[in-house]
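Order of the sequence lines fixes the chain letters, A, B, ..., with proteins taken first and strands second; residue numbering starts at 1 for each chain. The basis for the numbers below is simple: all heavy atoms, side chains too, and nothing from hydrogens, waters or symmetry mates.
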There are 2 protein chains.
Amino acid sequence: MRSEDIAKLAGVSRSTVSRVINNYPNVPEATRAKVLEVIERHHYEPNSFARALAGKRTDTIGLFAISMNEKENARRIYQNSYFAPIVDLVVDTANARGFYVLIHTVYSRNDFQKVKQAFQQKRIDGGILVGTQKDIELVREMVGQGAPLVLIDYDIAEITAERLDKHHLAIINSNDYEGTVEAMEYLIGLGHRHIGIIQGRMNTYSGRERYMAYEDTLRKHDLPIVKSSILQGDFLKEQAYAAVMDLLDSGVELPTALFSSNDDMAISAMEAFAERGISVPDDLSIIGFDDVQLASRVHPKLTSVSLPIEEMSKAAVDLIIRICSGEQTGFSTLSFPTRLVTRDSCRPLAP
Amino acid sequence: MRSEDIAKLAGVSRSTVSRVINNYPNVPEATRAKVLEVIERHHYEPNSFARALAGKRTDTIGLFAISMNEKENARRIYQNSYFAPIVDLVVDTANARGFYVLIHTVYSRNDFQKVKQAFQQKRIDGGILVGTQKDIELVREMVGQGAPLVLIDYDIAEITAERLDKHHLAIINSNDYEGTVEAMEYLIGLGHRHIGIIQGRMNTYSGRERYMAYEDTLRKHDLPIVKSSILQGDFLKEQAYAAVMDLLDSGVELPTALFSSNDDMAISAMEAFAERGISVPDDLSIIGFDDVQLASRVHPKLTSVSLPIEEMSKAAVDLIIRICSGEQTGFSTLSFPTRLVTRDSCRPLAP
DNA sequence: CTGAAAGCGCTTACAG
DNA sequence: CTGAAAGCGCTTACAG
């Protein structure tokens, strides 16, 4: 069933059918009703490809999770506690707005080509890029090609460094720096002076922000930055676990508190400590970041910095839709506040 | 840049360009090389819509999670411990095979229309339907329309009941019945005689299978089916939690062991018991189903029936791709074995 | 207000 | 082996 068939049945031309489908104003109510009735009766659906070919939007947005160089573990992305809720919310929000979402994961440069192709082949109107790790050049290249894009967790300065036409672009972040400061101040307020960190991936915006805030807050209070208490976790549980074990094996003095750049690592660290008979929070306080679902279900319940993932994801969808429709023009930036959620994994330093 | 531009630059016609793009045999190597070189040099990508319009495949598959009548909680699907790994694996596998995946969640009949439209509008070559709850009529309707489809967790009998042309169809299941029997036998082997159940959603294939196996195994051993120990959980944590609390409040005799139709509910139940000072496994043994990530991280670690989600998801992708390409014709069915993973939440009944 | 026609960018018989 | 032409199913100036 094509628009031509509908036209015949309704006694009008394809042009008119198209006009009612696209809700053009210059169609008399009677004509519109007749056409609509025929469409309804035959469950007619315009072919989306033909529409797109003729210049209409595709009504689908892309969602791309960037996680380059980690081919080893293929199931990490969607079970990644940070990313899973984002796909959840993005899909739901987009669906509710009448959009489909096209998903592709990016583990390699080759996968990245598929993302660019999705744009070049006009499969999507616009895309959302979530960077758990990324190659900034590739992103710049896409921006340069004028692809409507919303970036989550990207460094604004890095993107804007180059002279690019950025009117199709928006960046969404959380205030990770401030969130980390709040977490650190909380720990310091509890009397801790030797505070360690499990670092995130430093080629990531949030990884860097969280680390900088950690150092800055320590400095501000004239507290020591102890090299042996800076653990490399790369945002990965396994790596955090190993780093904690190494720390314990090394025999150096332990910090009394640990700031972890995300919850996944914090939770692994707690498991490592538990295995070695070190009690959290009695022997050591620990604080996470992201406030993932699991945080409140582990024992002890993890104190964490909560991200407004829901608002961020919805904002991403709304932004990309508005950019695609032309309602939103000009580069824009949105930053969301974090919130410290106090639970059971921290306690005042015993005198 | 269109195929015509490439044609000009390569000194051939669009037909020939198309032939090399589609890897037709009747193109001399020299011509092919020349065209390919031009394509390469200009990063040309054929417009996917034009290709699709002209009769080619779209190289995208749909992934649809059916969860009707639960509009209340919009973030349930992708954080659903059962569904999250499926989207994970499906996306990864499809991407690796060169396919995009289009995702849509189905909460309402209206959403279901979008799924049908995705087929009618030719947005996808075929689709995978994962039913956590479903309306069988709608599925039958789609099958009737000849949509290439792989169904996960559907009752074969229900689908095949009607005289449908099913050559575009495949169904993938796990052996939930056998898995439940194994779990129940394990509990019985530990000496338990009063065994309760937290039921899943009974309009779901796996919900029914798991319940039937529960009853059948009890009967087989001449053990009592105690009405008050049959809790309605509907696969939802909140509901399971409430059901356990009601059970405790009612003051009736507690079972000594509980089979939970999924892990999410088992874990909530453990939380409820913990709050009331009932120790798992000392006072009560509990066993789950699905073996989700969380199962091994809660305390005590949950004994559970593991599903080969990875194999199932990969098989679903491979099947749908083969159905779309015409390699696989005729209705097919795949059933995957489960495996009991023994951990710390069950113990022998004290004499 | 509305239809005929051109165009979107491909593929595929068809003819040579 | 290869090109001209028709066709896929829409939309949108254009003319009336």
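- Distance from the side chain of Ala54(A) is smallest to dG9(D) among dG9(C), dG9(D), dT11(C).
- No donor-acceptor pair closer than 3.5 Å links the side chain of Thr16(B) to the backbone N or O of Val12(B).
- dC14(C) and dC10(C) have their P atoms separated by 24 Å, with the value rounded to a whole Å.
- For Arg14(B), the side chain to side chain donor-acceptor pair (under 3.5 Å) criterion is met by no residue, not counting sequence neighbours.
- Ring pair Tyr100(A)/His104(B): centre-to-centre distance below 6.0 Å.
- Pairs of residues two or more places apart, or lying in two chains, that qualify as salt bridge (charged side-chain N to carboxylate O under 4.0 Å, His left out) and include a residue from residues 40-52 of chain B are Glu37(B)-Arg41(B).
- Proximity of a side-chain donor or acceptor of Asn173(A) to a complementary backbone N or O of Leu334(A) within less than 3.5 Å is not detected.
- Among pairs with a residue in residues 317-333 of chain B, those fulfilling salt bridge (charged side-chain N to carboxylate O under 4.0 Å, His left out) read Arg97(B)-Asp318(B), at least two apart in sequence or across chains.
- Residue Ser3(B) has a polar side-chain atom (N or O) positioned under 4.0 Å from OP1 or OP2 of dC10(C).
- Here Tyr44(A) does not reach the OP1 or OP2 of dG9(D): none of its side-chain N or O atoms lies under 4.0 Å away.
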Evaluate Asn95(A) against Tyr107(B) for side chain to side chain donor-acceptor pair (under 3.5 Å), listing each step before the verdict. CA-CA 10 Å; Asn95(A) 286 174; Tyr107(B) 296 134; over 6 Å; no

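- Shown for residues 22-33 of chain B: residues whose heavy atoms fall under 4.0 angstrom of DNA chain D, namely Asn26(B), Pro28(B), Thr31(B).
- Each of Ile128(A), Val150(A), Ile124(A) was checked for a side-chain contact (heavy atoms from CB on, under 4.5 Å) with Ile61(A), and the lone residue meeting it is Ile128(A).
- Using a 4.0 Å cut-off between charged nitrogen and carboxylate oxygen, Arg2(B) and Asp5(B) count as a salt-bridge pair.
- Computed from coordinates, the Asn47(B) CG to dG9(C) C1' distance equals 6 Å when rounded to whole Å.
- A salt bridge is defined here as a Lys NZ or Arg NE, NH1 or NH2 lying under 4.0 Å from an Asp or Glu carboxylate O, and Glu311(B) with Lys314(B) fails to meet this definition.
- Interface residues of residues 9-18 of chain A facing DNA chain D, ordered by number: Arg14(A), Ser15(A), Ser18(A); criterion, heavy-atom separation under 4.0 Å.
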The dot-bracket string of DNA chain C, counting Watson-Crick and G-U wobble pairs with both distances under 3.5 Å, using [ ] for crossing pairs and | for pairs to another strand, is |||.||||||||.|||

